[in-house]
A.B. asks: 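Provided herewith is a single structure, encoded as structure tokens, for subsequent inquiry.
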Amino acid sequence: MKKSNRNNEYLASGMQSVVAEAYKSIRTNLQFLLARNSGCKVITISSPQASEGKTTNSVNIAISFSQLGKKVLLIDADLRRPTVCKKLKIENTDGLSGVLAAFSSPEKAIVSVGPNLSVLPSGTIPPNPSELLASKEFENLIEKLRESYDYIIIDTAPVGIISDALSVARCSEGIILIVKEKSTTYQGFERVVDGLKLAQIPLLGVVLNGTESEEYYPYYKNHYYRNPYLKSR
Amino acid sequence: MKELDLTKLFKICKDNIIALILTGVVFAAAVFSYNTFFVAPTYRTTTTILVNNGGLADVGVSGENVDSNDLNASLYLIETCVDILESDNMYKELANALNDDYSYDGLQSRFSPRARGEESLLIDISTYGTDPKEIKKIANTFLEIAPTFIKNNILSVDVKILATAEKTTKVGPRTAVNTTLAFFAGAVLCVLVCVVISLFKNTIESEKDFKARYDIPLLGTVPVFKNKQPKGRA
């Protein structure tokens with residue numbers, strides 16, 4: 001497994017931001033939701049449309065779980081517009097696409113970004129992302145990775161636009177939808193929910209992103225809104 | 001399209017209170033400016049005449065008492081006298097008396113003779129204009145020729161002048177009233193626009209909106225702050 005050379009400030013403990021608290025709350029709710037599942041929990045994260053905060057939330061949820069001392073793997077399964085590596089500023093030359101195409105192995109492709117958090121980048125953009133994600137190789141990969149991690153968070157393409165997330169979610173405990181306040185339409189959201197029902201994919205829940213909140217700020221006025229990647233003070 | 005109830009309407013007003021107030025203020029400021037700088041003030045003066053059928057002319061003078069028939073006849077005459085004072089010929093004579101400095105229809109639009117009450121023998125003649133001195137002059141000229149003109153049309157009538165044009169009152173523009181009305185008009189317009197926008201809104205508005213609409217677990221909300229972050233901090 002490769003180690004990132006970057007100084008990963010966002011993994012420092014002692015987070016005090018309100019945003020961090022929000023993710024802790026999401027983490028706790030997920031733990032309760034998946035309490036009956038033994039072993040590794042695989043969670044797919046997607047959104048009805050693009051730019052609703054899907055990748056940001058995937059990264060932050062993964063970080064939040066890692067701070068519990070759990071071994072977490074974040075997989076960038078958006079093989080069309082991967083952004084996890086951009087957000088974490090790690091290289092994306094070797095990743096999921098290479099592993100699925102048998103050009104690489106998980107051991108070589110997975111990058112450790114902290115004591116409990118690793119990332120499997122998307123790798124180079126393949127010509128056939130849907131086929132790769134729907135393949136038996138992907139299913140086998142997830143099954144193999146379950147042995148090594150407590151949580152696997154999979155960031156996918158927007159399920160309302162591309163059906164890749166459905167293939168990925170079949171290998172997981174369920175899917176979390178990220179919706180954005182004043183941006184996600186009712187029709188878009190309902191269409192996705194209907195699609196998930198049709199594909200018999202469990203919808204674990206929804207995270208509402210971008211809620212406007214003045215009441216937080218006065219209470220926390222000695223703390224400040226942090227970089228979404230949870231930089232410490 | 002969604003339905004709208006009073007609580008939603010109140011919420012729309014509350015959420016857009018600043019826009020509401022600003023729109024009202026803008027409208028009020030525009031009307032105030034217009035009334036103050038672009039509209040010439042209008043003044044009014046009022047003259048009064050007493051009209052009767054002639055039977056009441058000598059009451060008290062020659063020892064005679066008021067005859068109710070004369071009184072009733074006089075009361076019936078009042079509206080006729082008002083109509084006479086509103087006739088075109090009256091104002092043609094007035095224009096003539098004013099040396100044709102004014103057109104008769106222009107003068108006609110500036111006068112408003114009215115009976116003071118249903119049981120009153122008095123006719124109040126209001127005169128309007130933008131120059132207080134001018135309206136006094138034309139009102140008093142009107143008063144000079146009105147009794148003769150009425151008598152020429154109703155021979156037995158008696159007309160006495162009770163009040164000449166001495167004071168003028170500013171009657172327009174009603175800046176305070178117009179400004180207040182403009183403020184409320186602006187606010188109402190803003191509310192209407194916000195209501196129309198909200199009726200066509202089709203996005204998830206808030207956590208409360210999501211919970212009210214869907215029976216799906218909401219795992220959490222990730223906030224952003226309306227207020228700016230303190231300077232120098234990430």
Side-chain angles (χ1 to χ4, degrees), chain A residues 9 17-30 32-33 48 52-53 56-57 60-61 176-190 193 196 203-218 220-229 231-233, chain B residues 1-23 25 189-234:
Chain A
E9 296 156 337
S17 77
V18 173
V19 175
E21 287 303 313
Y23 284 110
K24 285 180 186 174
S25 174
I26 293 167
R27 178 186 71 195
T28 305
N29 287 332
L30 274 172
F32 278 116
L33 212 55
E52 286 177 326
T56 304
N57 280 278
N60 285 330
I61 289 171
I176 294 174
L177 287 179
I178 309 296
V179 300
K180 195 168 180 186
E181 188 179 274
K182 292 183 172 61
S183 174
T184 305
T185 61
Y186 298 124
Q187 295 90 336
F189 176 72
E190 286 159 15
V193 171
L196 292 174
L203 175 57
L204 297 175
V206 164
V207 170
L208 184 58
N209 196 24
T211 56
E212 285 186 353
S213 181
E214 257 184 42
E215 60 264 27
Y216 283 107
Y217 187 66
Y220 286 97
K221 67 179 178 183
N222 290 326
H223 310 290
Y224 44 86
Y225 173 64
R226 292 172 188 275
N227 182 291
Y229 301 106
K231 281 187 180 174
S232 63
R233 300 191 68 164
Chain B
M1 205 160 90
K2 295 186 281 191
E3 290 176 350
L4 187 71
D5 58 31
L6 280 176
T7 45
K8 278 186 192 165
L9 183 63
F10 179 73
K11 188 176 183 305
I12 290 168
C13 291
K14 193 175 146 205
D15 290 344
N16 296 286
I17 188 75
I18 293 173
L20 213 132
I21 292 171
L22 272 176
T23 311
V25 166
L189 183 69
C190 182
V191 168
L192 284 173
V193 168
C194 291
V195 164
V196 167
I197 290 171
S198 79
L199 285 175
F200 286 97
K201 253 184 186 168
N202 64 346
T203 56
I204 295 171
E205 292 298 306
S206 63
E207 181 181 345
K208 197 175 168 185
D209 178 35
F210 183 87
K211 284 180 178 171
R213 206 175 165 103
Y214 301 112
D215 187 23
I216 295 171
L218 187 63
L219 299 175
T221 57
V222 180
V224 291
F225 295 110
K226 283 183 193 173
N227 296 326
K228 287 186 183 171
Q229 299 170 35
K231 282 186 183 176
R233 295 186 173 182

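Each chain gets a letter, A, B and so on, in the order its sequence line appears, and its residues count up from 1. Computed from a prediction, not measured in an experiment: that's the story for all the values here.
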A.B. asks: What are the two closest heavy atoms between B:L218 and A:N29, and how far apart are they?
C.D. replies: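 Heavy-atom minimum between the residues: O-ND2, 4.5 Å.
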A.B. asks: How would you list, by chain and number, every residue that makes a side-chain contact (heavy atoms from CB on, under 4.5 Å) with A:Q187, sequence neighbours excluded?
C.D. replies: A:T185, A:R191, B:N202
A.B. asks: Is it the backbone or the side chain of A:I178 that comes under 4.5 Å from a heavy atom of chain B, or both, or neither?
C.D. replies: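 Contact with chain B involves no heavy atom of A:I178 at all.
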A.B. asks: Taking all non-hydrogen atoms of both residues into account, name the closest pair between A:A22 and B:V222 and its distance.
C.D. replies: CB-CA, 4.3 Å
A.B. asks: Looking at A:K182, I want to see if its NZ is surrounded by more than 12 non-hydrogen atoms of other residues, nucleotides or ligands under 6.0 Å.
C.D. replies: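 Atom NZ in A:K182 is packed in, count exceeds 12.
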A.B. asks: Within a reach of under 6.0 Å around CD1 of B:I18, are more than 12 heavy atoms found that belong to other residues, nucleotides or ligands?
C.D. replies: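 No, because the 6.0 Å sphere around CD1 of B:I18 holds 12 heavy atoms or fewer from other groups.
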A.B. asks: Within this structure, what is the CD1-CG distance for the pair A:I61 and B:L219, rounded to the nearest 0.5 Å?
C.D. replies: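 Output value for this atom pair is 8.0 Å.
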A.B. asks: Give the minimum heavy-atom separation between A:V19 and B:P223, together with the two atoms involved.
C.D. replies: CG2-O, 4.1 Å
A.B. asks: So A:Y186 and B:T203, do their side chains get closer than 4.5 Å, heavy atoms only?
C.D. replies: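 When only atoms from C-beta onward are counted, A:Y186 and B:T203 do not touch, as no gap falls below 4.5 Å.
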A.B. asks: For A:L208 and B:S206, which heavy atoms make the closest approach, and how far apart are they?
C.D. replies: CD2-C, 3.7 Å
A.B. asks: Does the plane of the ring in B:F210 sit parallel, tilted or perpendicular to the ring in A:F189? Use 30° and 60° as the thresholds.
C.D. replies: perpendicular
A.B. asks: Under 4.5 Å heavy-atom distance to chain B, tell me which part of A:V179 shows up: side chain, backbone, both or neither.
C.D. replies: side chain
A.B. asks: Would you say the side chain of B:I216 lies within less than 4.5 Å of the side chain of A:L177, judging by non-hydrogen atoms?
C.D. replies: no
A.B. asks: Under 4.5 Å heavy-atom distance to chain B, tell me which part of A:S183 shows up: side chain, backbone, both or neither.
C.D. replies: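 The answer is the backbone of A:S183.
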A.B. asks: Report yes if the side chains of A:E181 and B:E205 come closer than 4.5 Å at any heavy-atom pair, otherwise no.
C.D. replies: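 No, side chains not in contact.
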A.B. asks: Heavy-atom distances under 4.5 Å only: say whether A:I176 touches chain B with side chain, backbone, both or neither.
C.D. replies: side chain
